[in-house]
**Q** 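Below you will find the structure I want to go over with you.
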Amino acid sequence: MPDIAALSAALAGIEQSDDAALLRQKSRDFYWYSPVLKAQLDGKRADLWVRPANEAEVLRVLVAARSAGVPVTVRGGATGNYGQCVPLNGGIVLDTTAMTAPIGITDGVLEAEAGARMIDLDLWARDRGWELRLWPSTKRTATIAGFVAGGGAGVGGIAHGTMRERGNLNGVRVATLQDPPALLDLDGDAAAPVNRTYGTTGVITRVRIPLVPAQAWRDMAVTFADFSDAARFALALAFADGIQKKMAGVFDARLPPFFRGLADAVPEGNALVLAMIAPSGLVAFRDLVREHGGTIVADQDTVAAERDPDATPFYEYCWNHTTLQVLKRDRGVTYLQCRFPFEDTLRAVEAVRAKFHDEVWMHTECVRFGGRTTMTALPVIRWTDEARLNAIMAGFEAEGIGIANPHVFTIEGGSGYRRVPGDQLGFKRRVDPLGLFNPGKMASFDAPETDAA
Ligand SMILES: Cc1cc2nc3c(=O)[nH]c(=O)nc-3n(C[C@H](O)[C@H](O)[C@H](O)COP(=O)(O)OP(=O)(O)OC[C@H]3O[C@@H](n4cnc5c(N)ncnc54)[C@H](O)[C@@H]3O)c2cc1C
């Protein structure tokens with residue numbers, strides 16, 4: 001058992017707590033979306049919460065953790081869905097939310113402290129004529145480093161792909177658990193070992209990401225009598241290179257009734273498309289809606305909505321917010337993450353809709369991967385049990401659909417097509433030889449025999 005009192009004393013002057021209620025709260029994320037993860041992770045808890053104010057304090061925490069042999073699990077906004085920031089073996093939870101400063105913009109690249117909320121960075125950049133390329137639907141609570149280390153897909157993906165694409169992450173500064181702990185500056189491909197590795201490969205203290213010129217985005221809601229017409233329209237929008245857009249999500253008719261701010265606008269039984277369109281694209285967007293037989297039922301200024309705590313930008317019905325909107329009123333559901341084939345995308349969507357009609361409420365998002373456009377999906381799934389969930393995933397895979405399983409907590413088990421290329425295991429061995437960063441999340445490190453497989 002580590003001597004937490006001695007560790008705490010060694011960290012005197014750094015904000016910290018060992019209060020049991022606070023530790024319970026600071027050891028959780030949104031893993032409870034998954035009944036499978038809920039059973040595995042409920043009750044896991046850190047022994048000490050620390051909130052360093054700067055890089056020097058981060059290094060002090062790491063020096064103390066290393067000499068005590070205590071695990072360190074990093075936590076940003078704690079909006080992850082797979083228990084990424086849940087400490088499996090106790091130890092320290094290192095909270096980054098006191099390190100929030102935007103540092104500067106150089107040649108269209110934003111540098112910021114790791115714990116800055118993405119909404120704050122976007123609004124800060126916007127005041128300077130720029131905006132973020134990508135953000136998760138949790139933009140209003142998630143941190144920039146949490147998005148790099150634990151997420152990486154979302155709004156903007158229809159134009160820029162995911163954080164996996166070379167060029168969407170310019171660089172990071174990362175604090176290691178080497179002997180002694182050190183700060184490394186990593187640029188370009190060299191930063192890949194901290195990209196989507198759940199904090200197993202260091203504490204990111206700074207992030208550098210490319211921006212794009214700011215747009216006055218319009219949230220647009222379009223209804224269709226039929227899901228397949230809605231999906232065909234959304235994919236046509238994704239392929240319409242002349243229309244500047246940031247998002248296009250498609251929703252089964254059973255989903256809009258859960259979208260509080262939109263439910264009344266969507267006729268019963270209609271499928272819905274939610275999109276974000278630049279002002280310059282609105283004329284062409286309306287033409288495309290007309291061509292596909294849709295009806296625009298609502299629109300709003302995206303940025304005004306996200307600045308207003310009482311309003312809901314449409315992206316908070318999209319990506320994994322769709323599942324949350326349903327879970328708020330119906331705890332009997334869960335979800336999946338999958339990617340449809342690049343060819344015959346809509347055939348694959350329809351195949352699984354038909355196969356699992358009652359249990360799968362389809363929700364797709366248009367996105368680019370490696371320069372090609374397709375749909376990913378975060379369908380809402382009626383929960384029966386784990387065996388049935390596995391059968392549904394197998395049914396998807398049989399149609400050529402890739403799964404990134406959100407019901408496992410290891411990087412390797414979950415990521416599927418979302419895995420970032422690079423020697424993440426080799427980097428981990430170098431910067432964390434004792435295996436103290438978020439142990440249990442990088443399976444290839446924790447069970448070396450799987451290396452040979
Ligand atoms: C309603 C809902 C909607 C969501 N929508 C999306 C979406 O659209 N796209 C998407 O990608 N994800 C989505 N997510 C998941 C999650 O919100 C995002 O990935 C988010 O960016 C995570 O940021 P965070 O600050 O909350 O990270 P946390 O949950 O705090 O951490 C995530 C992981 O990153 C690690 N980490 C955090 N900070 C650091 C750091 N400084 N250094 C090293 N490691 C670190 C943690 O250890 C953990 O493993 C959604 C989740 C919910 C609940």
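Every number for a ligand or one of its atoms is a count from 1 in the order of the listing. This is a predicted model, so every value here is computed, not measured.
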**Q** Output the distance between atom CG (Leu255) and atom OG1 (Thr322), rounded to the nearest 0.5 Å.
**A**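 Leu255 CG to Thr322 OG1: 7.0 Å, rounded to 0.5 Å.
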**Q** Within the 4.0 Å heavy-atom shell around Ala78, which atoms of ligand 1 are there?
**A**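 By the 4.0 Å cutoff, the relevant atoms are 24 (P), 26 (O), 28 (P), 29 (O), 30 (O).
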**Q** Heavy atom under 4.0 Å from ligand 1: found in Phe147's side chain, backbone, both, or neither?
**A** both
**Q** Could you measure the distance from the NZ atom of Lys441 to the OG1 atom of Thr73? Nearest 0.5 Å is fine.
**A**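 Lys441 atom NZ to Thr73 atom OG1 measures 6.0 Å (nearest 0.5 Å).
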**Q** Can you name the atoms of ligand 1, numbered from 1 with element, that are less than 4.0 Å from a heavy atom of Gly152?
**A**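 Heavy-atom distances to Gly152 below 4.0 Å select 11 (O).
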**Q** Passes side chain to side chain donor-acceptor pair (under 3.5 Å), Arg117 versus Thr100? Steps please.
**A** CA-CA 7 Å; Arg117 285 188 315 161; Thr100 60; over 6 Å; no
**Q** Can Tyr33 be said to touch ligand 1, with heavy atoms closer than 4.0 Å?
**A** yes
**Q** Does a side-chain heavy-atom distance below 4.5 Å link Met375 with Val250?
**A**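 Yes, their side chains come closer than 4.5 Å.
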**Q** Considering Val93, Ile204, Thr96, Thr197 one by one, which has a heavy atom nearer to atom 42 (N) of ligand 1 than any of the others?
**A**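 The option holding the nearest heavy atom is Ile204.
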**Q** Heavy-atom contacts under 4.0 Å between Thr79 and ligand 1: side chain, backbone, both, or neither?
**A**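 Within the 4.0 Å criterion, Thr79 contacts ligand 1 through backbone and side-chain atoms alike.
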**Q** Hey, would you say the Tyr317 and Phe251 ring centroids sit under 6.0 Å apart?
**A** no
**Q** Under 4.0 Å from ligand 1, counting heavy atoms only, is it the side chain of Ala149, its backbone, both or neither?
**A** both
**Q** So does Tyr33 get a backbone contact from the side chain of Thr334, meaning a donor-acceptor N/O pair under 3.5 Å?
**A**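 Judged by distance alone, yes, a pair lies under 3.5 Å.
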**Q** Heavy-atom contacts with Gly151 under 4.0 Å: which atoms of ligand 1 show up? List them by number with element.
**A**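 Per the distance check, 11 (O), 19 (O).
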**Q** How about Arg128: does its CZ atom have over 12 heavy atoms from other parts shown lying under 6.0 Å from it?
**A**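 Yes, the 6.0 Å shell around CZ holds more than 12 heavy atoms from other groups.
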**Q** Is the shortest side-chain heavy-atom distance between Lys328 and Phe258 below 4.5 Å?
**A** no
**Q** Are any of the N/O atoms on Thr143, whether in the backbone or the side chain, positioned under 3.5 angstrom from an N/O atom of ligand 1?
**A**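 Indeed, backbone or side chain, Thr143 has an N or O that close.
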**Q** Need the ligand 1 atom indices (1-based, order shown) with element for anything under 4.0 Å from a heavy-atom of Val203.
**A**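 Taking each heavy atom of Val203 in turn, ligand 1 has 42 (N) under 4.0 Å.
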**Q** Hey, are Asp330 and Arg382 close enough for a salt bridge, meaning a charged N less than 4.0 Å from a carboxylate O?
**A** yes
**Q** Quick check: Pro136 and ligand 1, any N/O pair under 3.5 Å apart?
**A** no
**Q** So with a 6.0 Å cut-off around NZ of Lys44, is the heavy-atom count from everything else above 12?
**A**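 Counting other residues, nucleotides and ligands, NZ of Lys44 stays at 12 neighbours or fewer.
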**Q** Which is closest to atom 5 (N) of ligand 1 in terms of heavy atoms, Ala145, Ser137, Pro87?
**A**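 Of the listed residues, Ser137 has the closest heavy atom.
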**Q** Would you tell me which option among Gly156, Gly80, Gly77 has the nearest heavy-atom contact to atom 29 (O) of ligand 1?
**A** Gly80
**Q** Would Gly202 count as a contact residue for ligand 1, given that I'm defining contact as a non-hydrogen atom of the residue lying under 4.0 Å from a ligand atom?
**A**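 For ligand 1, residue contact (heavy atoms, under 4.0 Å) with Gly202 is present.
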**Q** Considering both backbone and side-chain atoms of Phe30, is one of its nitrogen or oxygen atoms within less than 3.5 Å of a nitrogen or oxygen in ligand 1?
**A** no
**Q** Aromatic contact between Tyr31 and Phe409, with the criterion being ring centroids under 6.0 Å apart: yes or no?
**A**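 No: the rings miss the under 6.0 Å criterion.
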**Q** Taking only non-hydrogen atoms of Asn81, do any sit less than 4.0 angstrom from ligand 1?
**A** yes
**Q** Taking Ala46's backbone N and O only, do any of them form a donor-acceptor pair with Ser27's side chain (distance below 3.5 Å, no angle check)?
**A**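 Flag set: sc Ser27 to bb Ala46 pair under 3.5 Å.
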**Q** Please report whether ligand 1 has a polar contact with Gln84, defined as an N or O pair separated by less than 3.5 Å (distance criterion only).
**A** yes
**Q** Backbone or side chain, does any N or O of Ala114 fall under 3.5 Å from an N or O of ligand 1?
**A**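 No: no nitrogen or oxygen of Ala114 is under 3.5 Å from one in ligand 1.
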**Q** Who's closest to atom 52 (C) of ligand 1 heavy-atom-wise, of Thr138, Leu327, Thr200?
**A**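 Closest candidate by heavy-atom distance is Thr138.
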